[in-house]
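Written below as structure tokens is the structure these notes are about.
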Amino acid sequence: MPLFGKSQKTPVELVKSLKEAINALEAGDRKVEKAQEDVSKNLVSIKNMLYGSSDAEPPADYVVAQLSQELYNSNLLLLLIQNLHRIDFEGKKHVALIFNNVLRRQIGTRSPTVEYICTKPEILFTLMAGYEDAHPEIALNSGTMLRECARYEALAKIMLHSDEFFKFFRYVEVSTFDIASDAFSTFKELLTRHKLLCAEFLDANYDKFFSQHYQRLLNSENYVTRRQSLKLLGELLLDRHNFTVMTRYISEPENLKLMMNMLKERSRNIQFEAFHVFKVFVANPNKPKPILDILLRNQTKLVDFLTSFHTDRSEDEQFNDEKAYLIKQIRELKPLPEA
Amino acid sequence: MTVTVTSTTHAMEAQVKATAGGGGGEQQHDVDLAADDEITVLLTNKNFHFDAPSEADEAFVELNGGGGGGGGGGKSADMDLEAAIGGAHYHEPAEHPQVTWLDDDEIDTLDRVTLDIGNMFFNRVDSQDIIYQQKKKNIKMVDKYVMGDVLGEGSYGKVKEAMNSENLCRLAVKILTKRKLRRIPNGEQNVTREIHLLKQLKHKNVVQLVDVLYNDEKQKMYLVMEYCIGGLQEMLDHAPDKKMPLYQAHTYFQQLVNGLEHLHSCRIIHKDIKPGNLLLTLDQTLKISDFGVAEQLDLFAPDDTCTTGQGSPAFQPPEIANGHETFAGFKVDIWSSGVTLYNLATGLYPFEGDNIYRLLENIGRSQWVAPDWLYELDAAFANLILGMLQADPSARLSLQQIRQDAWFLSAPAVTGPPIPIPPLKGDKYGRSSVLPYLEAYHYGNEQDQEDVYFTEHDVNQELARRAASAAAEIRKSAAANAACHLYEPSTSAEAAAESGLANGSLEETRVKKKGSAIKRRAKKIVSCIKLSHCRTS
Amino acid sequence: MFSSSLSDYQFTKLFKNGKFSSVYKANHTINNRVIVIKKFTLEEENDEALKKLFAEILCCRQFNHPNINKILHSFISDMDVYVLYPYMCFGTCQILLDSIFINGLPETLIALIFKDVLSALMYIHSNDFVHGSVRAHHILLDSQRAVLSNFHESRSFIKHGKKKNVLHGVSQMKNLNWAAPEVLDQNIHGFTEKCDIYSVGITACELANGIQPYIETQPTLMYTEKIRGNVPSLLDRSTYTMLLDDQGKMPFENSTRRRSFEVYSQRVLSEDFHQFAEICLNRNAENRWSAKKLMTHAFFKQCRHSSISDHIKKCRTDLQHNSSLDDEVIIGLQDEQQTERRGNSDHVQWNF
């Protein structure tokens, strides 16, 4: 039985054919419709070659190897991503599937596709720009590919250290709910997956990240943004790997004030998340004077407030233990002895 | 006779099998061995802490057994029947395998038996003379959970399979009795801490706690957890060389590292990492389990200094073996992960000893050296193990360094078939053991109430019959398959019969009522309305 | 295309009011388009539920097919998420069963509906997804077509660029009755996209008989029954005897049930329909036909000279009295709900 079937092309031919079709699409001349058809057809063939289909078996290893090598050589990956908005609906999905599959390729300790993308970081930046308002139809597909890339430390590093990264603070607040959520999950992935990389990044960029940008998210008018970013803040601060960042964060009075205000938010969910960050400020055995001052000034109010805080959570033992602990700590607060 | 103390039970199992295999003759051997310790005699005969499922005990009650405690003959029959019922899944071996504690039930029975040396010799009973009575599968519920068979047993109590009767979710329940907990140093404390830790953890490579139930009247506690079909220790025990291919160990190790990283992020040190505590779910995801000796550092602890280590001896690092007052917590988990990985891939342990003291001595004495054959097997792998087994904790690899390691990053070549994943015997579908109880409950009026008696001979015959009908079924369903591809069955009765047979549910047929069971399946498919009216559930 | 501002929408009818979500008919005033808006009260949802909501919306966005309910837009206002869908004038099949077709939909209408549903499933399966909760409540109708909706149980076989052959895991409580035995079984073999076909079979009984299958049955009994290969059947003259008890008598006291029983015992459903249901409900997943193949079954011959609107129009007079399908006086937004949700801690003023 012929390996590729009578009408099927070889990997090399497929890639060549697809590249031509994309170029035609990009050029935008009269044959655009035919070009789109060709693009779609070729994408389907490549996708089936990589994943197998109900009619065919999954491919032999060397087929995948050939295909991947052709993709690198022809720079087709970058081309596809740059023209994502020109490709039809189904085609966009196939681009993402092909990309994610080829990304996993491994030879020994090497990940060739990851290495390739490291040499062509425009791929990552183009994907990140997929969240921009101009082309909402490519946002979700770009997001899928970005999150796959984020699983590889080398690529996550490029993304975190880029200027483009800070655009995420805008992307997570766009008006379309699903695009904003997708952007947030990519954002979160970049900040939590690779522990050392993230800790170093947050340490090095503390002011820009927290004071300039993250503060805004916590104060956003958008309920989902506030809720999600507060929860992420809690996760970041309580991750042992971010210990230095945590100690720095909880020694800044502005942060304490923000948390105390969020404790009185309208949303009970946000109140609860705020509690989990607030407790760290109080639990700190080495509270700096400004923090201690704020707590002392509001000592009675805090004790009263906490006593009646979320009393309906009677089932949550851990929460109630923590609450009791905080109330005790605050009650027993004493000013620092004079120097 | 040297026994490698590994604090897993497979060594013990070998001993059991040797004892149980023949009957009386070997029984004597056992008595001689432990003659200096009277209590041990009784214990080894009672096969107390071995991983023979106690389900075997429950299902079959001797009516004509030998004297004394269990009796060797009875146990050998149990071993055979294990295959029919389905074996143990979890391993929760005692920490000190040669000294075991009697539980209260055992103590009670002791009091009743006259300890007369004359009675200490066991009468040999021929297997075929022993008659068994099949105990009915009576449904048992705890809250909304239907209980299934025992999956494993440890010093704290049993782990049973269960099912949420409302959403039909398969689960595992760890049953803890206050009595047993009190007999273990810090028993109750450990459990409270375990629950506290589990409630905080939510990660795909850490076992999930679903519910905690208390029964004050019975003084029991139930930890309801996500269901795992088996564990790495079990897989190793069933493998011919007690090891798995490198590439298979690699996939599990990657998941272990991910889970461990999450634990360390939450300031939790597991302290008992070993194959016995690494379980697998139905979709082959690895789950770290058993947080009985885990410790959580304070939120503001400046470092990970710990003072206590209570894990399994073979997996303890030198700093604990040498009794250091304080040591770095995270590096303890690294060491035991290294021993685990080495064990998975080679079937051996980096350190051994005739008894615990020798073992700990060996661990603590000097730096482990990777043998030449390990380098020949895979040099990168040997390097990683060496890095994880550095005696000096500060020289030992950290988790992040492991992530950069060459072997960790690689995709080891597939060298052959993987060792089988659970279920390893019995039901090849890995079905819920709750199912037979549900069937008994819902369809109980099908069978007569008469008791079923049978002998060893009957059992062997039954097993042979099942094997034959399994073969027949495979032929039949292959034919049915072929037929169905072209055309659908022409009558509904045929379809029902086919679909009933295609169940592949051998274990659902009973020894006696097979005839009526088949008859039921051939009955026409029932409407939804009839069900609601005719069943009194 | 669609505004993200709540004030650009006029809410005209409330279809469903729940703690976690509510469904409205609305008018997008900018282009006067009639749509359906599902409002999710996020404050009531915990983080798990929130994640599931994102996943469902993301999943829905992957599909573009005439027989799959499309998300037109989604936006946040205050503490709620609003998701916009096209307006399907006849609502869900469940509404039709509850209101008009008490003893089941006419066979041809069912064929027309399933033709569309199978077309949708074919598309979903070719995208390597499983729908996961095919049931009458998740099939919407308008005069042109039937549409499959509700993707909260949907799952993909492809994860991280790799394709799995089977999936594992049990679905949520509310859809268990439609779940295939291999799904409920939670065994090591897992399940494939064929579980959707089984659900189609259960839905066939649901639509034909007018009753939700296993509605009065304990979940554990439903499970053991399905494992044994016992399934509901389409009730008509050839099968109604199933309802009789061992003495051949009708076991119903209830008069509505007796009437239904009479209807079942009189009517005749085609042999093709019975066969179709049996293929779908085959205990062995491999023996069930694929969605693509099922569409070629003889059962669908009757669709040739018929349409959905034909069948519904016949009952139009009944429908006109059914208020859930008519426009109502324009209603205002539920402002009262928002004031209730205010936290109890506004009165505290911190001293900074």
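Lettering follows sequence order; numbering is per chain, from 1.
No side-chain donor-acceptor contact under 3.5 Å links B:S265 to the backbone of A:D239.
Of the charged side-chain nitrogens involved, none lies within less than 4.0 Å of a carboxylate oxygen, so that B:K204 and B:D283 do not count as a salt-bridged pair.
Under the 30°/60° scheme for interplanar angles, the aromatic rings of A:H161 and A:F201 are found to lie parallel.
Interface remark: of the candidates A:N284, A:D321, A:L238, A:N284 forms the most heavy-atom pairs closer than 4.5 Å to chain B. Ranked by heavy-atom pairs under 4.5 Å with chain A, the first of B:F300, B:W407, B:F408 is B:F300.
Only the side chain of A:I250 comes within contact range of chain B, with at least one heavy atom under 4.5 Å from a heavy atom of that chain. Both the backbone and the side chain of B:H196 come within contact range of chain A, each with at least one heavy atom under 4.5 Å from a heavy atom of that chain. For A:R193, the part lying under 4.5 angstrom from a heavy atom of chain B is the backbone only.
No side-chain donor from either of A:N100 and A:R147 sits under 3.5 Å from a side-chain acceptor of the other.
Listed here is the closest heavy atom pair of A:M49 and A:L67: SD-CD2, 4.0 Å.
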